[in-house]
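Reviewing the structure listed below.
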Amino acid sequence: MTAADMTGQEKDLVPEPHLLTGYFLAICCVIGPLFLGYLAPNRVADVLMPLDDKSVVGFVLPNPVGDSNVKIQKLKNALVDKQKALAGKQAGLEKSEASGTASDKQKDDARAAVEAAQTAEAAAKAEVEKAEESRNADLTIAQSKQISDTLTARYNYAATSGVLYLVSAATLLFGGWIVFRRNRILFFVGLTLCLVLAGWVTKAPTAYANAGQTFLKALLDKADQNVGLFGPLFETYRNGASFKVSDAIKLIIDINTFVGLVAVGVALLAFAVLCSPAEKLSLSSLEDRKSNLQRMVALSSAILVVATFASKVVMDWPLSLVVAPQAEALKPLANALTSHLGMTGTIALFAATAPALAGWYLDVRRYRLTPAFQKQDADKLEFGIPAAVTSILAILGPALTSPVFATFKTIAEMLAGGKGGA
């Protein structure tokens, strides 16, 4: 039965939409993520870590030439020690041979000691000669690793940025289509506000941005200023613009942040539209809203997952440029920054999805009270277990991408292993 087939009495039985509740939930789809996923976590982080965009870490960059010199000097010092030991053994042998009281066994032991010292001295001398001969090869290998690590990070971030642009474009188009279909004025006004807010948030200082600047740009500045970073063998690249990225990376990060925020803003508008109460209820319209909600959850999650992964890539970048001990020391900071972004992304996505689903369920409940509702419609208006699990995983996606869950997994495996051993 359609609305046109209803009698006047049947139409009176159709419940009116809960406008106040519905539009309140629609507003929550926009305000909730901004407050819970952005303002509140960043405010707490700002209070706890007021870095003020200043570097508080001194970076130790690899020095292949210095490392090679230190290695050879150690070998030379060892050679000197072996030579001194040989001289001592030879003096002992001469003393025993000159002495008339020394036994044949004592003389044999002294000769054996001299021979052992000569062997050790010859081995130490060979090590020094080998190190001297392989100095250029060792420097080339060490410098190649530095250049490889630097370029690998750039390629990885470029690839991740491309995926971010693709997912953002898909979200912008699909979310914009949902909003445009409902209200064209809302689409243009909302898109304008998204562009303005995205630009403001991109430039606004946050604890995450400050720490990222401290961690990444400060190191890249130092790397750019260190003319000896790649050693004398790569004279062309010593001051080459192709290796100077401290300013370029900030621009790229700002562009990626802006693109992602615009797409997320349009997604929030789409959630608000899908949440707002419908004037006319039908099975097809409710099914369409359910499908669009699932698609928007998946697309929004994809943006946040890619953004979290991009954060991990860009925060791992400095770790490949410093010496290994400092990389280990700074790794928890890099993981904490990425985890902060992943967790806030999950909070924001949940804050947008929960009101949208609540608004949809309100309309489903209204539809169930209409004469058009049939029993066979009930299953079509429910989230099945596969769809529910998929949606939950999508909402948790940004947090699951962050390193904090890798830590939880490790702890769980350790506990499980302990219980199994017990």
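For the numbers below, each heavy atom of this structure counts, side chains included, while hydrogens, waters and symmetry mates do not. Index from 1, following the sequence.
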- Message: Assess the residue pair E129 and K125 against the criterion (salt bridge (Lys or Arg N to Asp or Glu O under 4.0 Å)); give the C-alpha distance rounded to whole Å, side-chain angles, the decisive distance to 0.1 Å, and a yes or no.
- Response: CA-CA 6 Å; E129 293 174 353; K125 184 181 293 186; over 6 Å; no

- Query: Is there side-chain contact between S301 and L349, with heavy atoms separated by less than 4.5 Å?
  - Reply: yes

- When you measure from the side chain of T257 to the backbone N and O of I253, does any donor-acceptor pair fall under 3.5 Å? yes

- Donor-acceptor pair, W360 side chain versus L286 backbone, under 3.5 Å? yes

- Message: Counting only heavy atoms from other residues, nucleotides and ligands, does the tally under 6.0 Å from CZ of F258 exceed 12?
- Response: yes

- How long is the span from the CD1 atom in I185 to the CZ atom in F180, to the nearest 0.5 Å? 11.0 Å

- Query: So how far is it from S161 OG to I255 CD1, rounded to the nearest 0.5 Å?
  - Reply: 9.5 Å

- Within a strict 4.5 Å, meaning less than it, do heavy atoms of the F271 and S300 side chains meet? yes

- Would a 4.5 Å heavy-atom cut-off, applied to side chains only, mark T344 and P41 as touching? yes

- Flag side-chain contact, heavy atom, 4.5 Å: H340 against N42: yes

- Task: Compare all side-chain heavy atoms of L166 with those of V306 and state whether any distance is below 4.5 angstrom.
- Result: no

- To the nearest 0.5 Å, how far apart are NZ in K76 and CD in Q83? 11.5 Å

- Decide yes or no for T346 and L304: does some side-chain heavy atom of the first lie under 4.5 Å from some side-chain heavy atom of the second? no

- Distance (rounded to the nearest 0.5 Å) between C275 SG and D363 CG: 9.0 Å

- Taking N292 as the fixed residue, which of K290, R289, Q294, R295 is the one that meets the side chain to side chain donor-acceptor pair (under 3.5 Å) rule? R295

- Query: Looking only at atom types and distance, does a side-chain atom of D288 sit under 3.5 Å from a main-chain N or O of S284, one as donor and one as acceptor?
  - Reply: no

- K312 side, atom NZ; N156 side, atom CG - distance, nearest 0.5 Å: 11.5 Å

- Message: Counting C-beta onward and ignoring hydrogens, is there a side-chain heavy-atom pair between D254 and K203 closer than 4.5 Å?
- Response: yes

- Note on the structure: What one should report as the nearest heavy-atom pair of P355 and C29 is CB-SG, 3.7 Å

- Roughly how far, to the nearest 0.5 Å, is the CG atom of L197 from the OH atom of Y38? 10.0 Å

- Task: Kindly give the heavy-atom pair with the smallest separation between A307 and L341, and that separation in Å.
- Result: O-CD2, 3.7 Å

- Item | For C194 against L269, the heavy-atom pair lying closest together | SG-CD1, 4.2 Å

- Message: So if I apply the side-chain contact (heavy atoms from CB on, under 4.5 Å) rule between L357 and each of L293, L274, V297, which one comes out positive?
- Response: L293

- Taking all heavy atoms of T338 and all of S311, pick out the closest pair and write down the distance. OG1-OG, 3.4 Å

- Message: Looking at every non-hydrogen atom in both residues, tell me the closest pair between G359 and L25 and how far apart they are.
- Response: N-CD1, 3.6 Å

- Yes or no on side-chain contact (heavy atoms from CB on, under 4.5 Å) for F187 and W177, after CA distance, side-chain angles and deciding distance? CA-CA 9 Å; F187 169 76; W177 172 75; over 6 Å; no

- Task: List the steps, then state whether side-chain contact (heavy atoms from CB on, under 4.5 Å) holds for L164 with F309.
- Result: CA-CA 10 Å; L164 178 64; F309 184 74; over 6 Å; no

- T160 and V313: which non-hydrogen atoms are nearest, and at how many Å? OG1-CG2, 4.0 Å

- Task: Please tell me if the side chains of L261 and T202 come closer than 4.5 Å, counting only heavy atoms from C-beta onward.
- Result: yes

